[in-house]
Asks: 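Take this structure first; my questions come after.
Only a predicted model underlies this, so the values are computations on that prediction, with no experimental measurement involved.
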Amino acid sequence: MRTQHTSHPLPSFPVYSSAFVSPNEFVLGGGGGQSKTGIKNKLRLLGEDAPMSIAAHPQREEIVCGINSSQDALKFGQNQNCRVYNVKENKISPSTTSSTIALSGADDDDYQRVTAFSPNGKLLAVAGTHDLSLLDYPTLDPAASTVHLDKGEVFDATFSSKTLVVASTINLFVYALPSEDDNDSTEGKKEGQPVALDLLKTIDRPTLPGKDAGSSFRAARYHPHDEKVLYTVVNTVPPRTRTKSSPRRAFICKWDTDTWKVTKTNKVSDRQVTCFDVSPDGKYLAFGSSDLTVGVVDAVTLAPLLTILKAHDFPPTTVRFNPTSDLLISGSADNTVRIVAIPPNLGATSWGAWILFFVAILVVLFAILAQQMHNAA
């Protein structure tokens, strides 16, 4: 289906992250990082790192960003990578910070790649490559001990009202959220340290159609209104052959969180998906692919609804729906952001077209049958 979408250039500003703070206002994070590129990093003091992940608080006029401290600042203190900003009247002002990622030196390239709020905004999950911290909000005090992964890398985290799902490259880890009494109890508390999260289940990568050599989780998100539904993006690794290289296909999988079984799978790209989002109304899933495509699929059927070819010159780094689910933005390191209008009848139009198609087929079949009966008579 066709829809209105426009690309907006941002001179010398590669985009890495985004978040809506109102139905028609959003914040972009990006820049040149700590290297001397001459590109300023927005949402930061000059000399520090680019904002690599952003999440907007579900109720407060605040955003949380992952921004590493500058090399000069690291010489005198901890890496203040988790940063809270107030967003009011088109102004962004710093509020509080916390250190969850320790950097060993200039060669340590770890960063806060995951920033996610719980639905009620009282918990915040932030993660680097191998470690995830669960923080109380707005204090940024630890709500549980750090989760460390010995195998695989953390790529995403998503909350339900009672669980936290951490997506690594090789597994989904389902944790029970701590109750308000957990950190006050003496049984689970040792020497004033937060309690460890209770690991409820470890989910392996799903079996996908085809003969791929392997796969990895890229994203995971709960349905915003149905906690029995979880979506994951799985990127595949093609088998090694002497012929033309096989496509690195990407799939969206829909899970039943009661059984932790995949209920529906659909291939969305022949190249790896780089970013993913679920609309707040729960109707649509958006993705950006390394083939430069931005796509929208139906959240129930996983059927494609909207595809924008060559949305950017570089692979998209972020896609995000606005709170009213009628706008989608995508950003890229090519110094552009694209704004896409989501038609109010997007899903209905797709189903309506199929219904009309089947009705037309039935009419033709009945006409042929009637003609044959008439000839036979």
Side-chain angles (χ1 to χ4, degrees), residues 53 55 64 66 82 98-102 110 112-137 139-207 214-224 226-235 253-263 276 278:
S53 61
V64 177
C82 183
S98 179
S99 176
T100 65
I101 299 175
D110 201 4
Q112 185 176 311
R113 57 171 65 181
V114 174
T115 306
F117 276 107
S118 62
N120 61 10
K122 293 183 178 181
L123 292 172
L124 173 70
V126 296
T129 306
H130 299 289
D131 296 285
L132 179 139
S133 298
L134 185 66
L135 308 176
D136 284 319
Y137 197 84
T139 65
L140 301 186
D141 293 331
S145 56
T146 300
V147 173
H148 176 75
L149 300 185
D150 293 321
K151 297 181 179 179
E153 297 183 6
V154 180
F155 265 103
D156 207 355
T158 182
F159 288 91
S160 70
S161 61
K162 296 181 180 180
T163 60
L164 168 68
V165 175
V166 179
S168 77
T169 47
I170 57 179
N171 293 108
L172 298 179
F173 299 98
V174 185
Y175 294 95
L177 292 178
S179 66
E180 295 181 359
D181 298 329
D182 281 347
N183 284 329
D184 294 330
S185 66
T186 56
E187 181 179 352
K189 195 173 182 180
K190 296 181 180 180
E191 299 179 356
Q193 296 300 316
V195 297
L197 288 175
D198 183 15
L199 179 60
L200 302 177
K201 201 169 186 65
T202 300
I203 312 297
D204 293 328
R205 288 160 289 183
T207 301
S215 63
S216 61
F217 289 110
R218 183 60 180 82
R221 301 291 168 84
Y222 270 105
H223 189 286
D226 186 356
E227 295 183 350
K228 294 183 179 181
V229 176
L230 180 92
Y231 302 100
T232 60
V233 171
V234 183
N235 290 327
C253 300
K254 185 179 179 181
W255 298 73
D256 180 339
T257 60
D258 283 337
T259 61
W260 288 106
K261 301 294 184 181
V262 174
T263 60
F276 180 70
V278 180

Asks: Going by atom types only, do Y222 and T163 share a side-chain donor-acceptor pair under 3.5 Å?
Replies: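 There is such a pair between these side chains.
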Asks: Taking side-chain hydrogen bond (donor to acceptor under 3.5 Å, both in side chains) as the test, write out the residues that go with T139, two or more places apart.
Replies: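 T139: side-chain hydrogen bond (donor to acceptor under 3.5 Å, both in side chains) contacts with D141.
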Asks: By side chain to side chain contact (heavy atoms under 4.5 Å, CB included), which residues pair with D258, not counting sequence neighbours?
Replies: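 Counting only residues at least two positions away or on another chain, D258 forms a side chain to side chain contact (heavy atoms under 4.5 Å, CB included) with K228, D256.
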Asks: For E227, which residues count as a salt bridge (charged side-chain N to carboxylate O under 4.0 Å, His left out) partner, sequence neighbours excluded?
Replies: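 E227 satisfies salt bridge (charged side-chain N to carboxylate O under 4.0 Å, His left out) with no other residue.
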Asks: Not counting sequence neighbours, which residues clear side chain to side chain contact (heavy atoms under 4.5 Å, CB included) with A219? List them please.
Replies: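 Expected list: D156, V233, F276.
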Asks: Sequence neighbours excluded, which residues qualify as salt bridge (charged side-chain N to carboxylate O under 4.0 Å, His left out) partners of R205?
Replies: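 Counting only residues at least two positions away or on another chain, R205 forms no salt bridge (charged side-chain N to carboxylate O under 4.0 Å, His left out).
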Asks: Output all residues satisfying side-chain hydrogen bond (donor to acceptor under 3.5 Å, both in side chains) with D226, sequence neighbours left out; order by chain, then residue number.
Replies: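 For D226, no residue satisfies side-chain hydrogen bond (donor to acceptor under 3.5 Å, both in side chains) once neighbours in sequence are set aside.
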Asks: With sequence neighbours excluded, what pairs up with D150 under the salt bridge (charged side-chain N to carboxylate O under 4.0 Å, His left out) test?
Replies: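 D150: no salt bridge (charged side-chain N to carboxylate O under 4.0 Å, His left out) contacts found.
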Asks: Applying side chain to side chain contact (heavy atoms under 4.5 Å, CB included), name anything that partners A102, two or more places apart in sequence or on another chain.
Replies: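 Applying side chain to side chain contact (heavy atoms under 4.5 Å, CB included) to A102 gives none.
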Asks: Using side chain to side chain contact (heavy atoms under 4.5 Å, CB included) as the criterion, list what pairs up with P206, not counting sequence neighbours.
Replies: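 P206: side chain to side chain contact (heavy atoms under 4.5 Å, CB included) contacts with L208, F217, V234, C253, W255, V262.
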Asks: Mind checking what makes ring pair (Phe, Tyr, Trp, His ring centres under 6.0 Å) contact with F117, not counting sequence neighbours?
Replies: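 H57, Y137.
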Asks: Of all residues at least two apart in sequence or in a different chain, which pass the salt bridge (charged side-chain N to carboxylate O under 4.0 Å, His left out) check with K162?
Replies: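 Partners of K162 by the salt bridge (charged side-chain N to carboxylate O under 4.0 Å, His left out) criterion come out as none, since no residue qualifies.
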Asks: Throw together a table of side-chain donor-acceptor distances under 3.5 angstrom for residues 122-131, partners on residues two or more places apart or in other chains.
Replies:
{"unit_1": "T129", "atom_1": "OG1", "unit_2": "D110", "atom_2": "OD1", "d": "2.8"}
{"unit_1": "H130", "atom_1": "ND1", "unit_2": "G152", "atom_2": "O", "d": "3.1"}
{"unit_1": "D131", "atom_1": "OD1", "unit_2": "H148", "atom_2": "ND1", "d": "2.7"}

